[in-house]
Q: 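One structure follows; several queries about it will come next.
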There are 2 protein chains.
Amino acid sequence: MSICGVLDKDEIEEFVKILTRQTCTAHDPIIDEGEPADFVFNVTGGAVKLFKLLPDGRRQITGFLFEGDFLGIAMNDTYSYSAEAVGDAHMCRFNRRKFEALLDRFPKLERRLLGMASNELAQAQDQMLLLGRKTAREKLCTFLLSLSRRSEKRGYDPSVISVPMSRNDIGDYLGLTTETVSRTFTNLKKDGVIRLLEGNRVKINDAEQLQDLAEGA
Amino acid sequence: MSICGVLDKDEIEEFVKILTRQTCTAHDPIIDEGEPADFVFNVTGGAVKLFKLLPDGRRQITGFLFEGDFLGIAMNDTYSYSAEAVGDAHMCRFNRRKFEALLDRFPKLERRLLGMASNELAQAQDQMLLLGRKTAREKLCTFLLSLSRRSEKRGYDPSVISVPMSRNDIGDYLGLTTETVSRTFTNLKKDGVIRLLEGNRVKINDAEQLQDLAEGA
DNA sequence: CGGATATTTGACGAATCTCAATAGGCGTGG
DNA sequence: CCACGCCTATTGAGATTCGTCAAATATCCG
C-alpha cells in the first residue's frame, strides 16, 4: 500500500489489524457525498471514480483512483464527493477514527499524507486549467497523456494504455459530452495520433505530438 | 495569522523571528510556476490570485487568496502555479526550509496544515464541478455566493460584497471571457438578482435565489 | 442468437467566443 | 476644477465550438 511505504513491518501490522477488505462492482456506491466520513479507503485493484452531482443530475468526475491510491485524505466530517467503482475494484477500508489514532502514533505518516494532499492539489489545479481553458481535443490528449504517464510509472508500456472507463465517464471527467468524446477520439485516430485497439486499449503513435496537442502548442 | 491559531504566544514568536514582511502592487509577480519553491507566504492584507498559463497565453486562475490565507501549503520542490497581487497586497514571507523546521517542532501545526489542505482540496473539487458543468450564469452566481460567504465569515455584511478583481480575472477564474462575465452581470442586474454599487461592490438582493441559480435548481 | 448497453455518426441548435465599437472611470496635469 | 488620455467595462454582431436530439452500428454477455 502506497501510504505505508514509510512504515516498517511492525507498524504495517497495526494497520492490517484495523482494515477490512472489500470488493465493489461497477456502479456500486462506495461513499456518498454528504454522508458522515466514517471510513477511509485504499484501492488495491481496479479503478474507482470520484464525482460530484448537481441537483439536476449533471455530474463532474473529479478524479480516477487506481491501485495504490488513497481515498479520503481530505478528511472533513462529511464526504465532499461520491465514489463508485469503474469496473470491479478491490479496496481496504479503515475506520476513520482508528486510522487517525494510528496517525497520532506515526507522525511520519502524517507528513506523508500532507505530501499526498499536495500532489492531489497540484493535480486538481492542472484539471482546473484543463476544464476552464482547453479545447475538447486538448482535453482528450491531456487525459490520454496522463494515463500513459501513470502506466509508465507502474512499469507498463506507456505507448499502449488501458482505458477502462466509458466514454460517458471520460466526458464527465473532461467537461464534455459522450458524443464529443467519441468524435474527438475519431478525429485523433483519423489524424494518426492514436489507434484504437481491442479491449479498450489505445496505442499512442507519437507521445511528443500528443504532448504538444495537449497544451495547444 | 490563521495558521497560527493553534499556537501559543511563545510559539508564534518563533515564527515571527523568521518572517519577512512584504508589500506587492498589482501585477507584481509573487511566485512563478516552475521556480524552486523556496518560500511560503501568508497573506495579511489585500488579495492575491493564483494562476496557471498555457504556452499560448491562455490563463486559468485557480484561486484567490485574502487576508489570513496561506500560500504554499502544497509544498513540492517547485511552485505548481504563479501568483500575483490583485490590487495591493501585504504578506509575510517565510523561508521554506526554516518554516518546515518549525513544523517539525510543532506537530499540531502539521495537523492543521493537513486540515487546510483538505479544505483546499474540497474547494478545488467544487471548482471543477463549476468549470466542467455549470453555465455562465451559474458560474457567476456561485462566485458571488462564495465571496458573500467569505465576507460573512469575516464578520461583514454578506449582502454587500466587495469584488476587487477585474472582469478579466473573474473570467479567467470561471473559465469565461471578459465579455461573457460582463454580459452575465448585466443579466443578473436586469433580473433583479444583484445591484452594482460604486467601488466595485455588489448588492445581493436575494441570497436564496442566488443559491438556487448557482446550482441550476 | 438476442437483448441490452455503449459507441459512433449525423444534422441542427445554442451558448459562448471573437472581433469591433462605444461608453464609463480614474488619475494626471494644465 | 476641468480636460485629456488611458484602461477597463459594456454592448453589439457574427462565427465557432460544442451540446442536443436522433438514428445507426458495435459490443458485451447471458
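Computed from a prediction, not measured in an experiment: that's the story for all the values here. A note on names: the letters A, B, ... follow the listed sequences, proteins ahead of strands, and every chain is numbered from 1.
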Q: Could you write out each protein N or O paired with an N or O of nucleotides 6-11 of chain D at a distance under 3.5 Å?
A:
residue: D:dA9; atom: OP1; partner: B:Arg167; partner atom: N; Å: 3.1
residue: D:dA9; atom: OP2; partner: B:Arg167; partner atom: N; Å: 3.4
residue: D:dT10; atom: OP1; partner: B:Arg167; partner atom: NH2; Å: 3.4
residue: D:dT10; atom: OP2; partner: B:Arg167; partner atom: NE; Å: 2.7
residue: D:dT10; atom: OP2; partner: B:Ser182; partner atom: OG; Å: 2.8
residue: D:dT10; atom: O5'; partner: B:Ser182; partner atom: OG; Å: 2.9
residue: D:dT11; atom: OP2; partner: B:Thr186; partner atom: OG1; Å: 2.6

Q: Is it true that B:Phe39 and B:Phe94 have ring centroids separated by less than 6.0 Å?
A: no
Q: Indicate, with yes or no, if the rings of A:Tyr79 and A:Phe41 have centres closer together than 6.0 Å.
A: no
Q: Less than 4.0 angstrom between a side-chain N/O of B:Thr177 and OP1 or OP2 of C:dC17, yes or no?
A: yes
Q: What I want to check is whether the side chains of B:Asn168 and B:Thr178 have a donor and an acceptor closer together than 3.5 Å.
A: yes
Q: Give the rounded distance in Å between these two atoms: CG of B:Leu174 and C1' of C:dC17.
A: 15 Å
Q: Would you say the rings of A:Phe143 and A:Tyr173 are close, in the sense that their centroids are separated by under 6.0 Å?
A: yes
Q: Just how far, in rounded Å, is P of C:dG24 from CD of B:Glu198?
A: 16 Å
Q: Who pairs with A:Thr142 by side-chain hydrogen bond (donor to acceptor under 3.5 Å, both in side chains), at least two apart in sequence or on another chain?
A: A:Lys134
Q: Find the distance B:Arg133:CZ to D:dT20:C1' and express it as a whole number of Å.
A: 13 Å
Q: Determine, using ring centers only, whether B:Tyr156 and B:Phe66 are less than 6.0 Å apart.
A: no
Q: Starting at atom CG of B:Leu140, determine the distance to atom C1' of C:dT16, rounded to an integer number of angstrom.
A: 14 Å
Q: CZ of A:Arg137 versus P of D:dT17: gap in Å, rounded?
A: 12 Å
Q: Measure from NZ on A:Lys190 to C1' on C:dT8 and round the result to the nearest Å.
A: 12 Å
Q: Provide, to the nearest angstrom, the distance between the NZ atom belonging to B:Lys134 and the P atom belonging to D:dG19.
A: 18 Å
Q: Let me know the distance between CG of B:Asn187 and C1' of C:dA14, rounded to the nearest Å.
A: 15 Å
Q: Looking at every strand, decide which applies to A:Gly199 at a 4.0 Å heavy-atom threshold: base, sugar-phosphate, or nothing.
A: nothing
